[in-house]
**Student:** 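I'd like to ask you about the structure that follows.
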Amino acid sequence: MRLSRYFMPILKENPKEAEIVSHRLMLRTGMIRQQSQGIYSWLPLGKRVLDKVNKIIREEQNRSGAIELLMPTLQSAELWQESGRYDAYGKEMLRIKDRQDRPMLYGPTNEEMVTDIFRSYVKSYKDLPLNLYHIQLKFRDEIRPRFGTMRSREFMMKDAYSFDLTQEDAVHSYNKMFAAYLRTFNRLGLRAIPMRADTGPIGGNLSHEFIILADTGESEVFCHKDFVNFDIPGEDTNFDDVAGLKGIFDKWTSVYAATSEMHDEAAFNAIPEGDRLSARGIEVGHIFYFGTKYSEPMGAKVQGPDGKEHAVHMGSYGIGPTRLVPAIIEASHDENGIIWPDSVAPFDVVVINMKAGDQACDEACETIYAALSKAGKDALYDDRDERAGTKFATADLIGVPVQIIVGPRSIANGEVEVKDRKTGARETMTVEAAIKRLA
Ligand SMILES: Nc1ncnc2c1ncn2[C@@H]1O[C@H](COS(=O)(=O)NC(=O)[C@@H](N)CS)[C@@H](O)[C@H]1O
């Protein structure tokens, strides 16, 4: 992408409304724009990151055997009246009337709708287990949306829903998602800690929140220091191995970890002082087992091996992609801007032409940009008619992992400078070596 033809409205000053670093940087880099309270547009640079986050989420959901679909944002009130949540959900629910004056709502979550889909088609235990998921916008009229897209009113959620014949089978489905979440957050460059959690309006009695430690996190968390060394389930994880997945769950819940709602001070103090960790955290995922809470009232039943009808056992599993983007920034930035993990960076490389209009610089940049693009790399070419200093600041601000700096002096010797955004390390090499290294 040539920056002179892109749309990336960089702000020179820190926006005063931003209270935390991720909100400040997402506004300054032109990743998002607030349209109204708690409602945002994702501008091109932000959309590229959001798409990469969703790609990883999708890959790990699919690896676990979950099947993707897409449900609408607008839902009929009747479904929520069947489950009894229409009134219980409270003021966070945006209620709408259509032109026929029918009561509708902008979905805050989709347990009722996915249960309606399930009950319309699945009648036998032979079709289980089943896990259906989508990545879709939600609306929750948060009383105090803040911190940009960290806590917004309209937000994107990956929400998955599992269906099983028995509680035992449902716990295996829960453990599949548990392992998939550990893999997902690790691939996003985050260390997420699963913590026993409250179930709130979703319901049920088994629930874990996945929290990443960050000073500006809204959650207060307490856990054992050992978490930081636990192995992440590998690519070769066998999601049909009931005992194996139970082993992963047991390992990752073998030491103390709880959010403030579930904290047990005595249990925490039983941990040797040096091993205790109390911190602030950001909830990036939340999983629930809630049995027949929805299937019973909504008649989602299958015929069991005994020939009898059984309400299916369900769970739901949420991840917040539009919260993950700021969460990654909170976990990975410095005084010059964002430091994107390679896996979600909006571009792989930024080519900086220190002197646009200088023939040698222009030619070298075009050669490098063409070679990187040909090799399938996401390259941003800063070809703007701007001072070099402005270009260096932009490249550091938007956090692209690698910068190729092309200046008149070095290019006279056929050389360029390659800078690593995370470490700041710089290396001078020939144009060919730079292309070979990065293409
Ligand atoms: N207001 C919000 N802004 C941004 N992300 C949010 C917001 N509310 C929730 N999320 C994200 O969505 C995830 C799941 O939300 S939740 O309420 O915990 N769970 C559910 O809604 C269940 N139905 C799981 S499918 C959270 O872990 C969080 O990452």
Side-chain angles (χ1 to χ4, degrees), residues 20 22-23 26 32 34 37-40 42 46 50 53-54 57 61 66 68-69 71 73 75 80 83 85 89-94 106-115 131-163 173-174 177-178 180-181 184-185 188 190 192-204 206-212 214 217-219 221 259 261 281-290 293-294 314-328 330:
I20 61 173
S22 57
H23 189 195
M26 288 177 80
I32 56 171
Q34 180 170 320
Q37 202 202 28
I39 298 176
Y40 288 83
W42 283 79
L50 185 59
V53 167
N54 283 334
I57 290 171
Q61 290 295 295
E68 185 171 14
L69 46 69
M71 291 178 269
T73 54
Q75 305 186 22
W80 287 68
S83 71
R85 278 208 297 184
Y89 210 88
K91 288 188 177 303
E92 277 196 2
M93 179 178 278
L94 181 64
Y106 186 150
T109 182
N110 284 64
E111 278 80 4
E112 285 77 0
M113 186 174 279
V114 79
T115 302
N131 181 324
L132 300 173
Y133 80 94
H134 69 159
I135 300 178
Q136 178 56 290
L137 291 171
K138 304 285 188 291
F139 193 92
R140 295 180 185 178
D141 207 346
E142 302 267 356
I143 191 149
R144 200 169 155 239
R146 58 186 184 147
F147 299 167
T149 63
M150 188 78 85
R151 175 171 292 281
S152 47
R153 294 198 296 163
E154 184 179 60
F155 62 97
M156 199 174 275
M157 190 197 294
K158 181 287 298 177
D159 35 321
Y161 303 89
S162 62
F163 304 87
S173 292
Y174 189 92
M177 286 284 98
F178 190 93
Y181 275 43
T184 302
F185 299 123
L188 294 171
L190 298 171
I193 300 171
M195 305 203 166
R196 285 176 299 119
D198 190 12
T199 54
I202 303 295
L206 169 62
S207 175
H208 284 84
E209 283 181 18
F210 287 75
I211 304 261
I212 60 157
E218 291 185 302
S219 307
V221 296
T259 57
E261 291 95 357
I282 302 169
E283 177 206 319
V284 291
H286 196 159
I287 63 176
F288 306 76
Y289 162 70
F290 42 67
K293 173 176 167 102
Y294 299 92
M314 292 175 61
S316 69
Y317 314 88
I319 288 181
T322 49
R323 175 176 290 180
L324 272 166
V325 173
I328 293 167
E330 290 294 330

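Just follow the structure's listing: the first ligand is 1, and inside any ligand the first atom is 1.
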**Student:** Within the structure, is a non-hydrogen atom of Lys158 found at a distance of less than 4.0 Å from ligand 1?
**Tutor:** no

**Student:** Do ligand 1 and Asp159 have nitrogen or oxygen atoms that lie under 3.5 Å from each other?
**Tutor:** no

**Student:** What's the verdict on salt bridge (charged side-chain N to carboxylate O under 4.0 Å, His left out) for Glu218 and Arg146, showing C-alpha distance, side-chain angles and the deciding distance?
**Tutor:** CA-CA 11 Å; Glu218 291 185 302; Arg146 58 186 184 147; 3.0 Å; yes

**Student:** Does only the side chain of His286 get under 4.0 Å from ligand 1, or the backbone, or both, or neither? Count heavy atoms.
**Tutor:** both

**Student:** Would you mind telling me which of Lys91, Arg153, Arg151 makes a side chain to side chain donor-acceptor pair (under 3.5 Å) with Glu142?
**Tutor:** Arg151

**Student:** Taking ring pair (Phe, Tyr, Trp, His ring centres under 6.0 Å) as the test, write out the residues that go with Phe210, two or more places apart.
**Tutor:** Phe178, Tyr181, Phe185

**Student:** When you measure from atom 4 (C) of ligand 1 to every protein heavy atom, which one gives the shortest distance, and what is it?
**Tutor:** Met150 O, 3.4 Å

**Student:** Say you draw a straight line from OH of Tyr89 to CG of Asp141; how long is it, rounded to the nearest 0.5 Å?
**Tutor:** 11.5 Å

**Student:** Of the protein's non-hydrogen atoms, which lies at the shortest distance from atom 10 (N) of ligand 1, and what is that distance?
**Tutor:** Phe155 CE1, 3.6 Å

**Student:** Does Glu209 reach ligand 1, in the sense of a heavy atom lying below 4.0 Å from it?
**Tutor:** no

**Student:** Could I get the full list of side-chain contact (heavy atoms from CB on, under 4.5 Å) partners for Asp159, not counting sequence neighbours?
**Tutor:** Asn110, His134, Lys138, Met157, Tyr161

**Student:** For Arg140, is at least one N or O under 3.5 Å away from an N or O on ligand 1?
**Tutor:** yes

**Student:** Any heavy atom of Phe288 closer to ligand 1 than 4.0 angstrom?
**Tutor:** yes

**Student:** Can you confirm whether more than 12 heavy atoms, excluding those of Leu69, are under 6.0 Å from its CG atom?
**Tutor:** yes

**Student:** If we only count N/O pairs under 3.5 Å, is Ile319 in contact with ligand 1?
**Tutor:** no

**Student:** Give the residue, atom name and distance (to 0.1 Å) of the protein heavy atom nearest atom 15 (O) of ligand 1.
**Tutor:** Met157 CE, 3.6 Å

**Student:** Answer with side chain, backbone, both or neither: which part of Glu283 has a heavy atom less than 4.0 angstrom from an atom of ligand 1?
**Tutor:** both

**Student:** Any N or O of Val284 that comes nearer than 3.5 Å to an N or O of ligand 1?
**Tutor:** yes

